[in-house]
Amino acid sequence: MSTNTVNVGRVLLTRVGYVDVAIDPAIAGLTPAQIAAVPWAEPTWAKGAELLAGAAVWVIDDGDARIAVDPAQAADQILRTDADAAAHQEAFAAILAAAGLPRESVTLAIATHMEGIGMWAWRNDDGSWSPFFPNAEIVVAQRELDAIDAGVHPSPVHPAFAALREQGVLRAADDGAQVSPSVSVDHVGAHTPGHLFVRVAADGAQAVMVGHLAVSPLHLVTGPCPQQHPHPDEAQARIDALLAEDAVLIGPLWPAPGAARWNGRQLVPASS
């Protein structure tokens with residue numbers, strides 16, 4: 001377990017890492033040649049011809065609000081198989097508690113999009129599902145829910161999400177919704193119909209959690225990625241606009257430290 005913190009004005013962002021691994025870049029729609037072409041890829045974001053990726057959760061402490069964002073999203077094949085689901089969710093809960101951020105203390109959660117189950121849900125002994133964060137609603141874009149209902153969502157939606165929705169755990173959010181004094185959601189689409197950025201702004205500082213628009217930090221500079229996005233040019237336009245902002249950029253699948261700033265030439269790891 002590793003933790004990293006970033007201060008955005010008075011707001012504290014904490015990355016609680018579960019595991020960082022090296023992966024075949026093809027999984028993220030990239031090639032070894034594309035990795036080699038990025039001079040700042042190693043040692044933080046890549047290792048040789050492989051990408052580095054992380055299963056983690058970012059927790060935002062904003063006044064009385066404690067917000068979890070995209071916990072272990074897209075790690076289902078590793079963490080949520082039938083044989084290992086219970087062990088991994090217990091271990092994930094333990095690392096949060098060890099970091100001083102027990103899952104029961106989370107008051108709100110934000111899903112940038114719906115893809116897999118990650119650590120959104122707790123798998124019970126009888127195979128049913130309940131919220132992983134028992135005291136938190138999960139904010140999801142209304143457009144995401146509409147796409148699921150219309151049968152046009154590009155990713156299979158995990159049955160646990162349907163179970164959580166039936167339990168009234170999901171809270172639909174409109175574009176630009178303010179979910180706490182310093183945290184808002186910004187619709188970007190491109191990856192899924194309702195994909196969101198999570199924006200944190202306080203005391204003149206800002207951070208943007210980019211969800212899966214940049215699965216790897218290298219996606220910020222490697223050009224449109226049709227293997228990842230149904231609308232790759234739209235995704236690239238949003239990425240290009242991000243690089244022009246003076247903000248800490250955070251990716252839920254980025255390896256530690258999981259946050260960085262673009263200085264006009266390269267991505268510089270960020271931590272407090």
Side-chain angles (χ1 to χ4, degrees), residues 1 14-19 21 53-60 65-173 177 179 185 191-196 198 209 211-212 252-253:
M1 185 267 287
T14 304
R15 179 188 186 269
V16 182
Y18 186 59
V19 63
V21 295
V57 59
W58 278 91
V59 179
I60 306 168
R66 172 165 286 171
I67 304 169
V69 181
D70 284 355
Q73 191 93 321
D76 287 11
Q77 290 182 340
I78 300 172
L79 305 183
R80 303 305 268 171
T81 60
D82 287 343
D84 298 328
H88 283 300
Q89 68 188 18
E90 292 279 2
F92 206 87
I95 66 167
L96 281 166
L101 303 166
R103 64 191 183 102
E104 296 84 1
S105 70
V106 173
T107 61
L108 190 69
I110 302 174
T112 58
H113 64 298
M114 301 180 92
E115 185 176 0
I117 190 57
M119 290 297 163
W120 287 120
W122 185 273
R123 186 173 181 269
N124 300 309
D125 291 342
D126 63 0
S128 64
W129 296 93
S130 55
F132 183 85
F133 302 105
N135 299 313
E137 290 182 308
I138 302 173
V139 172
V140 181
Q142 182 65 60
R143 295 191 198 198
E144 197 82 341
L145 298 175
D146 290 345
I148 291 166
D149 291 342
V152 297
H153 196 279
S155 302
V157 176
H158 198 286
F161 270 119
L164 296 182
R165 194 175 185 185
E166 289 177 2
Q167 295 169 34
V169 175
L170 304 188
R171 185 173 103 192
V179 299
V185 294
H191 183 73
T192 65
H195 192 288
L196 302 169
V198 179
M209 296 184 170
H212 287 190
L253 296 179

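Just so it is clear, the structure is predicted and the values come from calculations on it, not from any experiment. Reckoned from all heavy atoms, side chains included, excluding hydrogens, waters and symmetry mates.
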To the nearest 0.5 angstrom, please state how far the [atom1] atom of [X] sits from the [atom2] atom of [Y].
{"X": "R165", "Y": "I148", "atom1": "CZ", "atom2": "CD1", "answer": "6.5 Å"}
{"X": "I138", "Y": "F133", "atom1": "CD1", "atom2": "CZ", "answer": "8.5 Å"}
{"X": "L196", "Y": "I110", "atom1": "CG", "atom2": "CD1", "answer": "8.0 Å"}
{"X": "E115", "Y": "T192", "atom1": "CD", "atom2": "OG1", "answer": "7.5 Å"}

>> H153: which residues meet the side-chain hydrogen bond (donor to acceptor under 3.5 Å, both in side chains) condition with it, sequence neighbours left out?
In response: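 For H153, the residues satisfying side-chain hydrogen bond (donor to acceptor under 3.5 Å, both in side chains) (neighbours in sequence not counted) are E144.
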
> Mind checking what makes side-chain hydrogen bond (donor to acceptor under 3.5 Å, both in side chains) contact with R15, not counting sequence neighbours?
Replying inline: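 Counting only residues at least two positions away or on another chain, R15 forms a side-chain hydrogen bond (donor to acceptor under 3.5 Å, both in side chains) with D20.
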
Over all heavy atoms of both residues, which pair between [X] and [Y] is shortest? Give the atoms and the distance, please.
{"X": "I95", "Y": "G17", "answer": "CD1-O, 3.6 Å"}
{"X": "R66", "Y": "P102", "answer": "NH1-CD, 4.5 Å"}
{"X": "V57", "Y": "V69", "answer": "CG2-O, 3.8 Å"}
{"X": "A136", "Y": "V106", "answer": "CB-O, 3.5 Å"}
{"X": "S130", "Y": "L164", "answer": "C-CD2, 3.8 Å"}
{"X": "P154", "Y": "P193", "answer": "CD-CD, 3.5 Å"}

> How are the rings of H113 and H191 set to each other: parallel, tilted or perpendicular (split at 30° and 60°)?
Replying inline: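 Because their plane-to-plane angle is over 60°, the rings of H113 and H191 count as perpendicular.
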
> Parallel under 30°, tilted from 30 to 60°, perpendicular over 60°: which one fits the rings of W129 and H158?
Replying inline: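 W129 vs H158 ring planes: perpendicular.
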
Between [X] and [Y], is any pair of side-chain heavy atoms under 4.5 Å apart?
{"X": "P134", "Y": "R103", "value": "yes"}
{"X": "M119", "Y": "L96", "value": "no"}
{"X": "E137", "Y": "P131", "value": "no"}
{"X": "I60", "Y": "M209", "value": "yes"}
{"X": "Y18", "Y": "V16", "value": "no"}
{"X": "W120", "Y": "Q73", "value": "yes"}

Do side-chain atoms of [X] reach the backbone of [Y] as a donor and acceptor pair under 3.5 angstrom?
{"X": "Q89", "Y": "F132", "result": "no"}
{"X": "D70", "Y": "T112", "result": "yes"}
{"X": "D126", "Y": "S128", "result": "yes"}

> Restricting to pairs with a member in residues 87-98, which pass salt bridge (Lys or Arg N to Asp or Glu O under 4.0 Å), not counting sequence neighbours?
Replying inline: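 Sorted pair list comes back empty.
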
